[in-house]
Structures are given as structure tokens and as C-alpha cells.
Amino acid sequence: MVGSILPVVSHEDPHRRIVEEAIEAVLSTVDLASVLDRTGQLLRRHFGVTRVAINRISPTDPTRAEVVLVSDPRQPSPELGTSFPLAGSAAGKALGERTPCIVDPLQPKSPRYREEPLLAAYGYGSLVSFPLVFENEVLGTLDIAHPPAEGLLDCCYEVAKQVAHLVAIALHNSLMVEEVQRLNRLLGRENALLKEEIRQIKRDARYVADSPAMKDVVERVRLVSPSTTTVLVRGETGVGKEGLARMVHEFSPRFNAPFVPVNLGAIPEGLIESELFGHEKGAFTGASRRRPGRFEQADGGTIFLDEVGDAPPSVQVRLLRVLQERVVERVGGTEPVKVDVRVVAATNRNLEEMVARGTFRADLYYRLAVFPIELPPLRERRDEIRPLAMHFLARHAAGMHRRPPRVAEDVWRALEGHDWPGNVRELENFLQRALILSPGPELSLPDLPVRLTQDGAPAAASDAAAPGTFEEEVRGLIERALSHAGGRVYGPGGAAALLGLRPTTLQGKMKKYGVAPSRARP
């Protein structure tokens, strides 16, 4: 029965066939040029000479429309994007009333709408402007013009009305795709700018390199970064080896890929292999699922092996294979897994002596030490203590919501005269403690000055009395500032001004750390 009905419909209802063709032609693409071309061909094939145009309401001015597309066998198409006022046009009336505007016949000598003289000059006799509405949103118009002999209203008005609805859907889809593409382009540009900005911030903030020794180090980093060469960073504890490894990564073509740091000295020996190379499900008790190791996580990027001198012999063998063959084998697995990883290792130990004693593999040492970089201790680059201290004071003061304090010249001399056996890390920790213990706008050093005057030699900051908890120190700091200001919070000589804080910020911290309001007065 179905087979007997379909042919009858297709023969007795040609308009139905046209609509079906329109559905296939118009809705099968989101490209507006293709929509117009297919619509024009469809109407001309069934209804003779036909002018088809699509106008879109201007996104910047709702009183105007833009010519999106025109298909006209009788006149050159106007330049796409041409804007015209909706007032006084058939398109404007169709949009305003949300119903088709029929102009039949065209009256070029006494025109009712601005379209009539031009269309009549090219031999057209009638025009219908269909509003394109989708989900109650007015998008534009579909304008169809016919010569006088074609009889627009008699031959194709109802079909064109249905085609207009399909074009409205196609226009909406096309605009959505266009907007998504625009946003993607914008997002891509913003993402590229943001990545470059982050890279620049990291470059500027991660390393202070004012001394000749550190400038040489940075230059070596710039030379080796573009390659895939393995780098071995050497230096005492606290000199900033991980920061230098990050610089190698960020200056390399892999900067968008992962940077995975691993401290081999901080992982229990029984877990190092699983941590580095991963494990298969059931490889050991508790291995309930497959887990990729750090090398797989760093695929395409850089892995930083800190304290590589602490690697046990079994791990040294596996590391050698990764460096030689660029494959890892998960614990409990049998299939090698290829990895594309750049290795940067670091140590504060004398690897040459370890090789001589037989505690570190010579072949692994030669694989790691392809491009060694030596980081000098802070005592050998005292001219960097001042810029480093300014950097740390600014960063930690911002974290405490206060301005960086002033630093007197005698304080600078004390800092620059100290040996800093813990290097940059010790300097940063000491300055953080000094910030907490300095209530006013000027930095004071509660530990170093007295000890420096005993024999004229600098004393290690680590020998000073241990501070209390963070909360105790902050509470004491606020109380000393209030005492010094006579209990006043506000004003030039108030506790807030002494601490470099806003009065409201100080009051919030008083509440947080339990400083009684009775100690303060406005």
C-alpha cells in the first residue's frame, strides 16, 4: 500500500516535490553561498526567471540590513555586505509585521518601496519579501522577484513561503557556525597571547641572573634548550636547580607540553620504579588498575629527575634503557611503551666519586652528563643577593596583602655579608620570616645584626632561635603594631599604616587571629 501511495503524491503534488527538494538542498549545508545557489537553481528550474536575495539584519544597527547573498540572472549582484536602511523598504515592512510583504505589480513611477524602481528597471514585475524567523528571532528576509509574465503569486507563492522557512533555519545555522568560528579564532589568538605572556612572566620571574656567573648559566640554557639533549644540572642544595630545569623546558619547542618533576630522593625505594615507569593491574598488592608512570605523563615534554644520584641500582638500569631506546616497561608488564621525553637531571652529589666507588653506573653517568650546567652557590655571587631579596620581598609582601617594606643600607650590608649556606632557598625563607616579624614599613633583621657584631663574621640564619607558629607570629606582630600606635588602627601613625595594610584589612586579620578589639581604637 505504501508503494502505491508515494508515486501518486509525487505526480499529483509537484509543490510537495519542490519542498522536498528544498529540504534536501537547503538544509544539507551551513554554507550560505551554497544555500543561495541551490535555492536560486531550485526556483528557476520550476518557476522560470527568478531573482533570489537574502538580507540579514545588521548586527551593529537593527535599523539597517546587510545584503548577504544575491542570485540574479538579469543584473550584477551588489557587493556582499552592502547595507541599506530598512525604513521604506519591503524588507523593512516584512520584518516589522513578521508577515510576507507582497509588491505586485511593481510601480517604478510611484514607488511604495525603495526596491521597486531598481527591480522594475531590470524587467521584474513583482516582489515578495519573506521574513526569516527562527525560534521567534527575526534574522532577515528572503526576497524573490519574478518578471510580469511569470505570475509570482499564482505559481509559487505558497511554495516560496515554505522555502523561506527552510532558509531561515539555514541562515540561523550558518550564523551560529560563523559565530563559533569567530569565537574560536578569537580564543586562539587570546590563547596564544596568554601563553606567550605566561612564558614571559615565567622567564622574568623564575631566575634573577645579574652576576656574570649566572649570565653565563642562562646563556648555556639558551644554547641547549632548542635541542633534545639531556642536561645535567649540578649545584648545592637550594641553588634553584628545578627552576633552571623549568627554564630549559620553557625555552624549548616543548614549552606547551608537560613538565613533570620527580624528586628521586623523596620516593621510598620500593616505589620508585612504579612511580617512574608505571605498573600494570595486579603487578603488586594494591595495584587495582593500570597506572602510567611519570615518563608516560611527560610524553612530548620534559621530565626533571631531581637528586638523580639517589637512584638505586635497579632504577639506574631502567633509566639507562629509557635514555638509550626511549621506551619504558611498566612494572608487571611485558610490552615496551615508547615515550618522547626530554630528560633534565639534577644532583648535589659528586657523581664522579660515586662512579669510582661503584655506587653509580658509569654508562648512565655519561648518558646524563651530555650537557652539564653548574649552578654556583649564592656566596659566590653576592651581587645577586640584593635583586633576589627585592624579588622575594615583593612576592611575599603581596601574599600578605601589604606593600614591600623599605630596606636600609645597613640591612643590605648584613644580608650581603652572610654566607647563606642554604643558598637561595635559605635567603627566601629568612626574608619571609623577617617580613612577619617587621611590624613597620621598614624591614628589620631580628636575627643577624647582634650576631654579626660579636666577631665581625656572618652567622648562619639557621642557627637563630626557632620562630613560633605562623598564627602566633602574626598575632604578636599585630599586637606590637597596636602597642606602638597607642591602640590606634586608622590614621598616619596607626597600626594599619605601620604594617602597610588597609585599616579594614587589619581589622579582618585582628578578628581572624584573635586580637582583642579592646587593644585597638580608631
Side-chain angles (χ1 to χ4, degrees), residues 224-225 227-235 237 241-246 248-249 252-254 257-373:
V224 74
S225 293
S227 68
T228 59
T229 302
T230 301
V231 177
L232 177 64
V233 184
R234 311 186 68 162
T237 297
K241 296 187 286 293
E242 182 174 341
L244 194 74
R246 288 184 182 274
V248 172
H249 174 72
S252 77
R254 298 169 177 257
F259 175 87
V260 179
V262 187
N263 189 328
L264 298 182
I267 305 174
E269 185 172 339
L271 297 178
I272 290 182
E273 292 189 43
S274 172
E275 191 70 24
L276 285 176
F277 311 111
H279 62 254
E280 296 288 350
K281 180 179 179 181
F284 50 83
T285 303
S288 58
R289 60 183 178 84
R290 171 186 288 178
R291 181 179 180 275
R294 298 295 184 90
F295 273 95
E296 289 182 72
Q297 294 171 24
D299 190 38
T302 303
I303 188 169
F304 173 56
L305 302 176
D306 198 8
E307 306 297 348
V308 71
D310 293 340
S314 59
V315 172
Q316 292 181 32
V317 174
R318 284 177 172 264
L319 285 177
L320 182 62
R321 187 182 184 198
V322 175
L323 291 171
Q324 288 177 335
E325 303 176 24
R326 300 296 170 179
V327 296
V328 297
E329 212 171 85
R330 301 188 188 102
V331 176
T334 57
E335 294 295 326
V337 180
K338 287 188 174 294
V339 290
D340 173 22
V341 177
R342 202 238 183 103
V343 176
V344 180
T347 184
N348 63 351
R349 304 178 68 175
N350 190 324
L351 294 183
E352 292 81 4
E353 289 185 1
M354 295 179 65
V355 170
R357 294 196 308 267
T359 57
F360 197 86
R361 294 181 64 100
D363 45 5
L364 177 58
Y365 166 75
Y366 291 120
R367 285 283 181 179
L368 291 173
V370 177
F371 194 92
I373 299 178

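These numbers come from the heavy atoms of this one structure, side chains and all, not from hydrogens, waters or symmetry mates.
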Enquirer: Report yes if the side chains of V322 and V341 come closer than 4.5 Å at any heavy-atom pair, otherwise no.
Expert: no

Enquirer: Would you call L276 and V328 a side-chain contact if the rule is heavy atoms closer than 4.5 Å?
Expert: no

Enquirer: Side chains of P336 and R321: closer than 4.5 Å at any heavy-atom pair?
Expert: yes

Enquirer: For a 4.5 angstrom cut-off between non-hydrogen side-chain atoms, does N348 reach E307?
Expert: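 The answer is yes; the side chains approach within 4.5 Å.
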
Enquirer: Applying side-chain contact (heavy atoms from CB on, under 4.5 Å), name anything that partners R361, two or more places apart in sequence or on another chain.
Expert: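 R361 satisfies side-chain contact (heavy atoms from CB on, under 4.5 Å) with Q316, V317, L320, D363, L364 only.
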
Enquirer: Closer than 3.5 angstrom, by distance alone: can the side chain of S274 be matched with the main-chain N or O of L271 as a donor-acceptor pair?
Expert: no

Enquirer: Please report the interatomic distance CZ(F360) to CD(E353), rounded to the nearest 0.5 Å.
Expert: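 If we round to the nearest 0.5 Å, F360:CZ and E353:CD are 14.0 Å apart.
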
Enquirer: Could you tell me which non-hydrogen atom of T229 sits nearest to which non-hydrogen atom of R342, and how far apart they are?
Expert: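 That closest heavy-atom pairing would be O-NE, 2.8 Å.
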
Enquirer: What closest approach, in Å, do V315 and A311 show between heavy atoms, and which atom pair accounts for it?
Expert: CG1-CB, 4.2 Å

Enquirer: Could you state the interatomic distance from CD (E329) to CD (E335), rounded to the nearest 0.5 Å?
Expert: 8.5 Å

Enquirer: Can you check whether R357 reaches N350 side chain to side chain, under 4.5 Å on heavy atoms?
Expert: no

Enquirer: Taking CZ in R289 as the centre, count heavy atoms belonging to other residues, nucleotides or ligands within less than 6.0 Å. Is the count above 12?
Expert: no

Enquirer: Got R291 and R330 here, is their nearest side-chain heavy-atom distance under 4.5 Å?
Expert: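 Result no, sub-4.5 Å side-chain heavy-atom pair not found.
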
Enquirer: So, for D299 and P258, which heavy atoms are closest and what is the spacing to 0.1 Å?
Expert: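 Closest heavy-atom pair between D299 and P258: O-CD, 4.1 Å.
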
Enquirer: Using the side-chain contact (heavy atoms from CB on, under 4.5 Å) rule, take T230 and L323 through it: C-alpha gap first, then chi angles, then the decisive distance, then the call.
Expert: CA-CA 9 Å; T230 301; L323 291 171; 4.0 Å; yes

Enquirer: Report yes or no: does T359 contribute a side-chain atom to a donor-acceptor pair with the main-chain N or O of M354 at less than 3.5 Å?
Expert: yes

Enquirer: Determine the minimum heavy-atom distance between S225 and P253, stating which atoms define it.
Expert: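 The pair with the smallest heavy-atom distance is O-CD, 4.0 Å.
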
Enquirer: Heavy atoms, side chains only, cut-off 4.5 Å: are V248 and T302 in contact?
Expert: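 No - every pair of side-chain heavy atoms lies 4.5 Å or more apart.
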
Enquirer: Do E242 and N263 pass the side-chain contact (heavy atoms from CB on, under 4.5 Å) test, and can you show the C-alpha distance, the side-chain angles, and the key distance before you say yes or no?
Expert: CA-CA 10 Å; E242 182 174 341; N263 189 328; over 6 Å; no

Enquirer: Anything under 30° is parallel, anything over 60° is perpendicular, the rest tilted; go ahead and classify F259 against H249.
Expert: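 Geometry flag for H249 against F259: tilted rings.
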
Enquirer: Looking at every non-hydrogen atom in both residues, tell me the closest pair between L232 and A346 and how far apart they are.
Expert: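 Looking at all heavy atoms of both residues, the closest pair is CD1-N, 4.2 Å.
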
Enquirer: For a 4.5 angstrom cut-off between non-hydrogen side-chain atoms, does F295 reach L319?
Expert: yes

Enquirer: For residues G301 and A257, report the shortest heavy-atom separation together with the two atoms involved.
Expert: CA-CB, 3.6 Å

Enquirer: Mind checking what makes side chain to side chain donor-acceptor pair (under 3.5 Å) contact with R290, not counting sequence neighbours?
Expert: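 E280.
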
Enquirer: With sequence neighbours excluded, tell me which residues meet side chain to side chain donor-acceptor pair (under 3.5 Å) with S314.
Expert: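 E273.
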
Enquirer: Hey, which of I303, L305, I267 is the one that makes side chain to side chain contact (heavy atoms under 4.5 Å, CB included) with R294?
Expert: I303

